[in-house]
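Just so you know, these numbers come straight off a predicted model, no measurement behind them. Only heavy atoms go into these numbers, but all of them, side chains included; no hydrogens, no water, no symmetry mates.
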Amino acid sequence: MKSFRFLAISTRGFASKPVVDWTRPGNVLSLEQKQFYKKNGFLLVRNCVAKEDLKKYEDRFNAICERKVKPPASMLVMKDVSIAKKVTPDSIDTITKVQDFAEEPVLFSYCEHPHVTNVVRDLIGSSPATRIQAMHTMLINKPPDTGKQTSRHPMHQDLIYFPWRPEDLTICAWTAMEKINKKNGCLQVVPGSQTQGLKAHGYPDWEGGVNKAYYAIKDYDMSLPREYVEMEAGDTVFFHPNLFHGSGTNRSEGFRKAISCHYANYDHTKYIDVKGTVQEETANQIVDIIRKHPQRYSVKPGQEVTFELSWRLRSRPVHHDGKENL
C-alpha cells in the first residue's frame, strides 16, 4: 500500500495486526467463502435479501420518483446525462439513481439488514460485534439504453472516491432487486484485481458526455479477463473497493434496479490526505459539488469544505452510536 499523509483530526489508527482472521470461518460465511473473497476481491451470496424487503425498497423508490414521498434534503435524485437537460417531469422512467439516502428510513433499512451486515462483518471485521459505518448509499435504476450507450458504466475502482484507509476494511454490498444478466447490464468484475493498487482515473471519452465525477480507469487494459456477475432478485455481491468493475449497456426494454451500500470498519479506519495522489482530482471535483450545494449537505456557514468533510456529512453508523463519525 502506498504511503499517505494522515490527518490529525482522527484519533483512531490503523490496526497493528490483521483485523480479519482469514484462517477461520466467519459467523455466517464458511472458510471457503472468506478465502474466495480474499483471493478474488468479490463474493456472491445467493438469496441474501428477501423479496418482500426488495418490494419495500422499490415501492419507496417509486413513491420518491412520483413525488408521493418527499425525499430528505441530503438525498441526491439523479437523471441520466442523456435526458438530464430535457424538460421532463420526475417519474420512474426519468430517475436513474438516488444517492446518499442515509436519512431516508425505508431505504436505509437496507443498510441495516442483518443478512447483509452479518456478511460485511465477516469480511471486514473481527466479530459479530464489529462496529461498521454506512459510507455511501445508492439505488440504481439503470435505464434501457437510448442508443448513446450512456447506460453503461466504465471499468473503475470505487476507492478513487474514498479518502480513508485501510482499503481492505471497506466493502460494498450490491443487491439485485430483479433478475440481472448480460442483456440488462450486469456487473463485470476482474477477479483478483483488488491487489493491483489504485489506478489513475479520468472521464471516459464518450459521445454525449457523462455525469460529473463519473470516472474510468485510464489506459485500461481491455484484454484483462472479466467475469459477468449474473444475479437473481435478492442475490448480493460483496466486493473490495479496489476491484476493477463496471457494467454493460442495458439492452433490454426495462429498467434494471439494484441497491447498494459501502461500509467501513468504524474502529480501524482512518481518513487520509489525498493531496499529491491519484485521488487529488477526484477530491477537487467532489469538494466543488459540495460547495455548490451547501444546504443539501448540511454545511454550516463558514465551515471549510474538504474531501473528508464531504464524507463525514454523508456517513452514518449502523447498529451503534459512535460519536465520531467516519
Side-chain angles (χ1 to χ4, degrees), residues 1-2 18-26 28-49 116 118-125 135-136 138 140 142 152-162 165-176 179-201 204 215-250 256 258-265 278:
M1 185 174 68
K2 298 179 180 179
V19 172
V20 183
D21 186 348
W22 299 105
T23 66
R24 297 175 179 272
V28 296
L29 296 180
S30 68
L31 176 59
E32 291 73 21
Q33 286 175 308
K34 287 179 63 177
Q35 291 181 338
F36 182 94
Y37 175 84
K38 187 175 187 295
K39 176 182 178 180
N40 294 283
F42 74 99
L43 176 70
L44 179 59
V45 177
R46 301 288 186 184
N47 301 310
C48 188
V49 179
V116 175
N118 286 344
V119 175
V120 168
R121 289 185 171 93
D122 273 358
L123 294 174
I124 66 168
M135 303 300 293
H136 187 230
M138 291 191 301
I140 304 161
K142 190 181 184 77
R152 59 184 165 163
H153 201 142
M155 299 300 281
H156 64 284
Q157 296 166 289
D158 290 342
L159 191 67
I160 195 70
Y161 301 101
F162 302 156
R165 297 295 187 276
E167 56 266 47
D168 289 344
L169 298 185
T170 293
I171 194 169
C172 180
W174 197 98
T175 299
K179 185 180 182 67
I180 295 179
N181 52 30
K182 289 182 182 180
K183 185 173 182 179
N184 63 9
C186 67
L187 283 181
Q188 305 170 19
V189 302
V190 178
S193 57
Q194 80 283 357
T195 63
Q196 295 192 29
L198 183 59
K199 306 298 184 182
H201 286 59
Y215 292 127
I217 297 172
K218 287 184 177 180
D219 302 318
Y220 181 75
D221 182 358
M222 296 298 292
S223 69
L224 289 173
R226 64 182 67 185
E227 184 170 326
Y228 294 86
V229 186
E230 297 191 306
M231 307 165 71
E232 299 292 335
D235 292 351
T236 303
V237 61
F238 298 84
F239 60 90
H240 191 284
N242 254 346
L243 185 74
F244 296 179
H245 69 288
S247 64
T249 299
N250 182 358
R256 184 271 270 163
I259 189 168
S260 71
C261 178
H262 279 87
Y263 300 88
N265 183 309
V278 293

For this session: Output yes when a side-chain donor or acceptor of N184 lies under 3.5 Å from a complementary backbone atom of R256, and no otherwise.
Result: no
Exercise. Does some side-chain heavy atom of H153 sit less than 4.5 Å from a side-chain heavy atom of L187?
Worked result: no
Exercise. Ignoring hydrogens and geometry, is there a side-chain-to-backbone donor-acceptor pair from N118 to V28 under 3.5 Å?
Worked result: no
Exercise. When rounded to the nearest 0.5 angstrom, what is the spacing between CG in L123 and CG in D168?
Worked result: 11.5 Å
Problem set entry | Taking every non-hydrogen atom, the tightest pair across Y263 and A173 | CE1-CB, 4.0 Å
Exercise. Backbone N or O of S193 within a donor-acceptor pair of the Q196 side chain at under 3.5 Å?
Worked result: no
Exercise. Rounded to the nearest 0.5 Å, how far apart are CG of L43 and CD of Q35?
Worked result: 12.0 Å
Problem set entry | Under 3.5 Å side-chain donor-acceptor pair for D158 and H136 | no
For this session: Check each of Y161, F162, W174 against H262 using the ring pair (Phe, Tyr, Trp, His ring centres under 6.0 Å) test, and report the only one that passes.
Result: F162
Exercise. Quick check: does any side chain N or O of Q188 sit under 3.5 Å from a backbone N or O of V229, one acting as donor and the other as acceptor?
Worked result: no
Exercise. Strictly by modelled atom types, are H201 and H156 linked by a side-chain donor-acceptor pair under 3.5 Å?
Worked result: no
For this session: Could you tell me if the ring centre of F42 sits under 6.0 Å from that of H240?
Result: no
For this session: May I ask you to test the F244-K199 pair for a side-chain heavy-atom distance under 4.5 Å?
Result: yes
Exercise. Hey, is the main chain of A258 close enough, under 3.5 Å, to the side chain of K142 for a donor-acceptor pair?
Worked result: no
Exercise. Quick one: does T236's side chain get under 4.5 Å of V119's, heavy atoms only?
Worked result: no
For this session: Report yes if the side chains of Y220 and V190 come closer than 4.5 Å at any heavy-atom pair, otherwise no.
Result: yes
Exercise. How long is the gap from CG on N242 to CG on L198, to the nearest 0.5 Å?
Worked result: 5.5 Å
Seminar exercise, completed: Of all heavy-atom pairs linking K34 and P25, the shortest is CD-C, 3.9 Å
Exercise. D235 pairs by side chain to side chain contact (heavy atoms under 4.5 Å, CB included) with which of N47, V49, T175?
Worked result: N47
Exercise. Should we count CZ of R46 as having more than 12 external heavy atoms under 6.0 Å?
Worked result: yes
Exercise. Can you tell me if E232 uses its side chain to pair, donor with acceptor, with the backbone of I180 under 3.5 Å?
Worked result: no
Exercise. Rounded to the nearest 0.5 Å, how far does CZ of F239 lie from SG of C172?
Worked result: 3.5 Å
Problem set entry | Rounded distance (nearest 0.5 Å) linking atom CZ of R226 with atom CE of M155 | 4.5 Å
Exercise. Quick check: are there more than 12 heavy atoms from other residues, nucleotides or ligands sitting under 6.0 Å from CG of D221?
Worked result: yes
For this session: Taking the side chain as every heavy atom from C-beta outward, state whether V19 and L169 have any pair of such atoms under 4.5 Å apart.
Result: yes
Problem set entry | V116 and C48, any side-chain heavy atoms less than 4.5 Å apart | yes
Exercise. Any sub-3.5 Å donor-acceptor pair from N40's side-chain atoms to G192's backbone N or O?
Worked result: no
Problem set entry | Separation between CD of E167 and CD of Q157, rounded to the nearest 0.5 Å | 10.0 Å
Exercise. Just by modelled atom types, is the K39 backbone N or O under 3.5 Å from a matching donor or acceptor in the Q194 side chain?
Worked result: yes
Exercise. Does any N or O in the side chain of K179 come within less than 3.5 Å of the main-chain N or O of A233, such that one atom is a donor and the other an acceptor?
Worked result: no
